**Q** 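Here you go, one structure.
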Amino acid sequence: MAEMLSREVRLLGKDSVEAIRRSRVLLFGVGGVGGWCAESLVRSGIGHLTIVDCDHVSETNRNRQVVATSRTVGRVKVEAMKERLLELNPDASITALDMAYSEETAHEFHLEEYDYVIDAIDSLKDKLHLILHATGIPTVTFFSSMGAALRTDPFKVRRTEFWKVKDDPLAAALRHRMRHRKMFPARKFMCVYSEELPQPNRGADDVFEEKIEGKAQINGTIAHVVAIFGFSLAGMVIEDIVAKSVSGLPG
C-alpha cells in the first residue's frame, strides 16, 4: 500500500494519509454515484469501507456504473464491487452488505461506529430516514448526493448545504416531506448536486424503454455526470480528513 499511495503522500503528507487509512466510512448505495465514490475512496487509501446495496448488476447499469461490465452482469452488486475494490487495494478492509437501508433495517447498521456516512440512495423514503438518522449522531460526518439523473453538463456539479440546494427535484421533495411531517435534520449537512435544470427524457419512447428493469419511471443518466457526483462525495470525505489531520482535530 505504501508504494500505491506514494504520490498521495507526496501531495498530502504521511500524517494525513495515515489518518485516511484509519478512517471508517459507511456508504449506502453503490450504483452510478456510489460506485464511483467507493472506487475513489479506496484509491485514496480509505482503510475501512462498508458498502450497502441490495441490487444486482444489470445490462442497463453498464453505461454509467463502474462495477457493471459484461462479466459482472447478474452478480450481487456489493459482492462484485468488493472484489474490484480489493483488486485496487488488497490491504483495505471492505465489508459488503447485500441489503437495503430502510426504517425497518436502520438498527442493523450501527452508524455510530463510523467516522463518515455517505448517502447515495435513490429511494426518497429511505433517503429521508437516513438523513434524519445520521444527522442525529454527533460523532458522524454525513454527506449526501442529490439527483444526478437527467443531467448532462459536468461543469454544473456543485456542493452546498442541504437547505441551499436549488433546482433539484429530489432535494425539494425531501424538504417538502420534512416540513409536512415536521421532522428535520438535527444539524446541517453538505450535499453534492447539479445547478443544471433536469433535462427531458428525449428518448423515452424508444424501443429499449420497455426492457429497463420494469420500473414505473426511468430517468436517463450518463456516466460522466454520475462519476463526478461520486468523486465529489469521496473528495469531501478526503478533504475533511486532511483538514482535521492538519489542524490536529480528532478524525
Side-chain angles (χ1 to χ4, degrees), residues 25-34 37 50 52-55 99-154 156-201 204 215-221 225-226 228-237 239-240:
V25 180
L26 174 58
L27 170 60
F28 290 100
V30 291
V33 172
C37 179
T50 297
V52 182
D53 200 303
C54 65
D55 204 359
M99 57 190 300
Y101 179 92
S102 67
E103 183 175 359
E104 293 72 32
T105 63
H107 67 281
E108 300 183 44
F109 294 104
H110 305 290
L111 273 59
E112 70 281 355
E113 297 179 0
Y114 295 87
D115 304 301
Y116 297 88
V117 173
I118 304 174
D119 158 40
I121 293 176
D122 292 329
S123 165
L124 181 64
K125 179 180 70 171
D126 298 335
K127 194 178 197 76
L128 175 58
H129 190 277
L130 176 58
I131 288 171
L132 297 176
H133 184 188
T135 58
I137 303 174
T139 58
V140 167
T141 300
F142 176 70
F143 298 125
S144 180
S145 173
M146 296 295 107
L150 299 177
R151 273 79 171 191
T152 61
D153 189 346
K156 291 188 177 179
V157 178
R158 301 285 187 270
R159 67 173 175 181
T160 194
E161 199 278 321
F162 171 69
W163 293 100
K164 296 180 180 179
V165 174
K166 297 180 179 179
D167 300 322
D168 185 287
L170 178 56
L174 287 166
R175 291 192 290 249
H176 174 76
R177 290 199 179 193
M178 289 174 185
R179 293 184 178 112
H180 178 72
R181 299 179 184 183
K182 295 181 172 56
M183 299 174 66
F184 300 97
R187 53 195 164 94
K188 295 181 178 180
F189 62 96
M190 297 296 290
C191 299
V192 176
Y193 76 108
S194 175
E195 290 183 334
E196 179 184 10
L197 292 174
Q199 302 299 302
N201 279 314
K215 294 183 180 179
Q217 179 178 345
I218 303 298
N219 287 325
T221 317
V225 172
V226 296
I228 291 175
F229 267 67
F231 288 147
S232 297
L233 285 168
M236 289 158 66
V237 171
E239 181 183 55
D240 192 71

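What you are looking at is a predicted structure, and each value in this text was computed from that prediction instead of being measured. The first residue in the sequence is number 1, and the count goes up from there.
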**Q** Do Val237 and Asp115 make a side-chain contact, defined as non-hydrogen atoms from C-beta onward lying under 4.5 Å apart?
**A**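 The answer is no, as the side chains (C-beta and beyond) never meet within the 4.5 Å cut-off.
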**Q** Between Met178 and Ile131, is any pair of side-chain heavy atoms under 4.5 Å apart?
**A**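 Yes; the side chains approach each other to less than 4.5 Å.
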**Q** Nearest heavy-atom pair of Ile228 and Pro154: which atoms, and what distance?
**A** CD1-CB, 3.2 Å
**Q** Spell out, as yes or no, whether a donor-acceptor pair under 3.5 Å connects the side chain of Asp53 to the backbone of Val30.
**A**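 Yes, Asp53 side chain to Val30 backbone: donor-acceptor pair under 3.5 Å.
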**Q** A side-chain contact here means heavy atoms from C-beta on lying under 4.5 Å apart; do His110 and Leu26 qualify?
**A**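 Side-chain contact under 4.5 Å: no.
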**Q** If you round to the nearest 0.5 Å, how far is CD of Gln199 from CG of Asn219?
**A**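 Output value for this atom pair is 12.0 Å.
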**Q** Would the number of heavy atoms belonging to other residues, nucleotides or ligands and lying under 6.0 Å from CE of Met99 be above 12?
**A**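 Counting other residues, nucleotides and ligands, CE of Met99 exceeds 12 neighbours.
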**Q** Quick one: does Ser145's side chain have a donor or acceptor within less than 3.5 Å of a partner on Ala120's backbone?
**A** no
**Q** Answer whether the closest heavy-atom distance between the side chains of His133 and Phe109 falls below 4.5 Å.
**A** no
**Q** State, to 0.1 Å, how close Gly147 and Leu170 come at their nearest heavy-atom pair, and which atoms those are.
**A** N-CD2, 3.7 Å
**Q** Ring-plane angle category for Phe143 and Tyr116, please: parallel below 30°, perpendicular beyond 60°, tilted otherwise.
**A**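 Parallel.
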**Q** Quick check: closest heavy atoms across Leu233 and Cys37, and the distance to 0.1 Å?
**A** CB-SG, 3.9 Å
**Q** What's the spacing between Leu174 CG and Leu124 CG if we round to 0.5 Å?
**A**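 Leu174 CG to Leu124 CG: 5.0 Å, rounded to 0.5 Å.
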**Q** Any donor-acceptor pair under 3.5 Å linking the side chain of Arg187 with the backbone of Ile137?
**A**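 Answer holds: yes.
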**Q** Compare all side-chain heavy atoms of Phe229 with those of Val225 and state whether any distance is below 4.5 angstrom.
**A** yes
**Q** Between Glu196 and Arg151, is there a salt bridge with N-O shorter than 4.0 Å?
**A** no
**Q** With rounding to the nearest 0.5 angstrom, report the NZ to SG distance, Lys164 to Cys191.
**A** 12.0 Å
**Q** Could you give the distance from OG1 (Thr50) to CZ (Phe28), rounded to the nearest 0.5 Å?
**A**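 One gets 9.0 Å once the value is rounded to the nearest 0.5 Å.
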**Q** Check whether any side-chain heavy atom of Phe162 sits under 4.5 Å from a side-chain heavy atom of Phe142, and report yes or no.
**A** no
**Q** Are any of the side-chain heavy atoms of Leu132 and Pro185 separated by less than 4.5 Å?
**A** yes
**Q** Sorted by first residue and then second, give each side chain to side chain donor-acceptor pair (under 3.5 Å) pair with at least one member in residues 170-183; sequence neighbours left out.
**A** none
**Q** Check for a donor-acceptor pair, side chain of Lys156 on one end and backbone N or O of Glu195 on the other, with a separation under 3.5 Å.
**A**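 Absent.
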**Q** Would you confirm whether Asp167, through its side chain, and Leu197, through its main-chain N or O, come within 3.5 Å as a donor-acceptor pair?
**A** no
**Q** Looking only at heavy atoms, which two atoms of Gly136 and Ala186 are closest? And how far apart?
**A**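 Scanning both residues, the minimum pair turns out to be CA-CB, 3.8 Å.
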**Q** What are the two closest heavy atoms between Asn201 and Gly220, and how far apart are they?
**A**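 Looking at all heavy atoms of both residues, the closest pair is OD1-N, 2.8 Å.
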**Q** Measuring only between side-chain heavy atoms, which start at C-beta, is Phe189 closer than 4.5 Å to Asp119?
**A**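 Not in contact.
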**Q** How many angstroms lie between atom CE of Met236 and atom OG of Ser144, to the nearest 0.5 angstrom?
**A**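 With rounding to 0.5 Å, CE (Met236) is 9.0 Å from OG (Ser144).
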**Q** Nearest 0.5 Å, please: how far is CZ in Arg159 from CE in Met146?
**A** 15.0 Å
